[in-house]
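Taking it in order: structure first as structure tokens, then the write-up.
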Protein chains: 2
Amino acid sequence: MPTFDDQCPTQEHFVTRVPQKSVGFTLSQIGLENARQFALVAGQFGLEPRHFAVLHALADRDGLSQQSVGDNLSIPASTMVSIVDHLESAGLVERHLEPHDRRTRVLHLTGAGRARLTDALRGAHEHEARICFNFTAIERAELLSLLERVATNLGIAPNSLPDHGSGTHPEH
Amino acid sequence: MPTFDDQCPTQEHFVTRVPQKSVGFTLSQIGLENARQFALVAGQFGLEPRHFAVLHALADRDGLSQQSVGDNLSIPASTMVSIVDHLESAGLVERHLEPHDRRTRVLHLTGAGRARLTDALRGAHEHEARICFNFTAIERAELLSLLERVATNLGIAPNSLPDHGSGTHPEH
DNA sequence: TATTGTTATACTCTATAACTATA
DNA sequence: TATAGTTATAGAGTATAACAATA
């Protein structure tokens, strides 16, 4: 933990002058703005970020139960209902009864759902290119590497981080 | 905009396999988790992130009007009322009438407010050290530099970014 | 007429707990 | 009795618009 102190004056300096930028604040600002803009991108495809996330999870592994998807994405069961309702009424997902246990509803992507996700992923891809504008491949990899170390410091297991898309921020 | 494509397979690959991590999603995840944890830190000092942000703004420049602080932090006027109400009833801030224009309420930090902010800044400082654990000074500077380029790409003027603290995320 | 602060209100989001149907 | 899904409800947070005082 050698770093930060080197650049930080005294406490009083903090209060009166307010010194250099912090990683924490910058991350919060950027994370929020990024989530906002990604919501706009997803919206162009008729999806909210959470809809996108659910479709994405199903593309990764089709036939999951509603609950296991929710657990995976940290979405409570009651919220999952309205999300899947929306996706189902839009014809993107189907609820199938599981013959072995008729309590559970197994979720399947429809063809339309897969097509919609493909489009939305194209949008996400463009969004990613936009926020990494002017980055070389090496710089982007460097940023990802640093961010994953921050994630570790925050106690977010790297493995629990989904792999693509732009977040499931609530708030807007 | 050369980078991302190099590492990205076809669209179909996206849908079926879901490839590598994205800067966008990682930033959203980290930004949200960081805001959560900073809210806990601020809470240890009896402050919500927005309370902290207002105190911080006043420490930077005392005697601002309620509205100009709100504009500065993108907090709507009606929300500023309840924030300042809270800070005032806690004895951290005072509303003074401006003799030249008796519509405006000028905000002043009290001694207690300044002391509270000093404590909270110490907490923020520790929080910053925590999320930058194991970073060298050079790595931290590198991360900040990359993040500011992302901020620019997101259309957030670097100048509009406050300098310390950990964000004013709503959402929880 | 425009502006600062205030109040009241409506809206969104989320979480909690109760309910059903299965097991 | 426990679990998957559903429903209903209440709470927090935010934004919108009307209002008062002042300019």
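Every chain is numbered from 1, with letters handed out A, B, ... down the list of sequences. Atom set for the values below is all heavy atoms of this structure, side chains included, hydrogens, waters and symmetry mates excluded.
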Handout entry: For A:Q67, side-chain hydrogen bond (donor to acceptor under 3.5 Å, both in side chains) partners two or more places apart
Key =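 Counting only residues at least two positions away or on another chain, A:Q67 forms no side-chain hydrogen bond (donor to acceptor under 3.5 Å, both in side chains).
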Practice task
Check whether any side-chain N or O of A:Q66 sits under 4.0 Å from OP1 or OP2 of D:dA4, and answer yes or no.
Solution key: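 No, no such contact exists.
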Exercise for the section: Using the test side chain to side chain contact (heavy atoms under 4.5 Å, CB included), find all partners of A:A77 that sit at least two apart in sequence or belong to another chain. Expected result: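 Result, side chain to side chain contact (heavy atoms under 4.5 Å, CB included) vs A:A77: none returned.
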Exercise for the section: For A:S68, check side chain to side chain contact (heavy atoms under 4.5 Å, CB included) against everything at least two apart and list the hits. Expected result: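 Partners of A:S68 by the side chain to side chain contact (heavy atoms under 4.5 Å, CB included) criterion, ordered by chain and then number, come out as A:L64, A:S65.
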Exercise for the section: Name all pairs fulfilling the ring pair (Phe, Tyr, Trp, His ring centres under 6.0 Å) condition that reach into residues 57-84 of chain B, sequence neighbours left out, sorted by first residue then second. Expected result: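 Passing the test, one end in residues 57-84 of chain B: no pairs.
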Problem - Nearest-nucleotide pick for A:P76, side chain only, options being C:dA15, D:dG5, D:dT22 - result: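 Selected nucleotide: C:dA15.
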Problem - Proximal nucleotide (of D:dT22, C:dT14, D:dT3) relative to the A:R50 side chain - result: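 Of the options given, the side chain of A:R50 lies nearest C:dT14.
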Mind calculating the distance between [atom1] ([X]) and [atom2] ([N]) to the nearest angstrom?
{"X": "A:D71", "N": "D:dG5", "atom1": "CG", "atom2": "C1'", "result": "13 Å"}
{"X": "B:N72", "N": "C:dT4", "atom1": "CG", "atom2": "P", "result": "15 Å"}
{"X": "B:Q67", "N": "C:dA2", "atom1": "CD", "atom2": "P", "result": "16 Å"}
{"X": "A:L64", "N": "D:dG5", "atom1": "CG", "atom2": "P", "result": "11 Å"}
{"X": "A:R103", "N": "C:dT22", "atom1": "CZ", "atom2": "C1'", "result": "6 Å"}
{"X": "A:R105", "N": "D:dT3", "atom1": "CZ", "atom2": "P", "result": "18 Å"}
{"X": "A:E48", "N": "C:dT14", "atom1": "CD", "atom2": "C1'", "result": "13 Å"}

Name the pairs: protein N/O against N/O of nucleotides 8-10 of chain D, kept only if under 3.5 Å.
none

Exercise for the section: Sort and list the pairs that fulfil salt bridge (charged side-chain N to carboxylate O under 4.0 Å, His left out) and have at least one residue in residues 79-95 of chain B, not counting sequence neighbours. Expected result: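 For residues 79-95 of chain B, and leaving out neighbouring residues, the salt bridge (charged side-chain N to carboxylate O under 4.0 Å, His left out) pairs sorted by first residue read B:D85-B:R95, B:E88-B:R95.
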Problem - With A:D101 via salt bridge (charged side-chain N to carboxylate O under 4.0 Å, His left out) - residues at least two apart - result: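 If we apply the salt bridge (charged side-chain N to carboxylate O under 4.0 Å, His left out) test to A:D101, skipping adjacent residues, the hits are A:R103.
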Exercise for the section: For B:E139, enumerate each residue passing the salt bridge (charged side-chain N to carboxylate O under 4.0 Å, His left out) test, keeping only those at least two apart in sequence or located in another chain. Expected result: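 By the salt bridge (charged side-chain N to carboxylate O under 4.0 Å, His left out) rule, B:E139 matches A:R149.
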Practice task
Give the ring-plane orientation class for B:H96 versus B:H108, where under 30° counts as parallel, over 60° as perpendicular and anything between as tilted.
Solution key: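 It falls in the tilted class, 30° to 60°.
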Handout entry: Where B:H86 and B:S89 come nearest, the two heavy atoms and their spacing
Key =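 Minimum heavy-atom contact is O-OG, 3.1 Å.
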Exercise for the section: Taking only heavy atoms on the protein side, list every residue of residues 79-102 of chain B lying under 4.0 Å from any atom of DNA chain D, sorted numerically. Expected result: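 Per residue number, the list reads B:H100, B:D101, B:R102.
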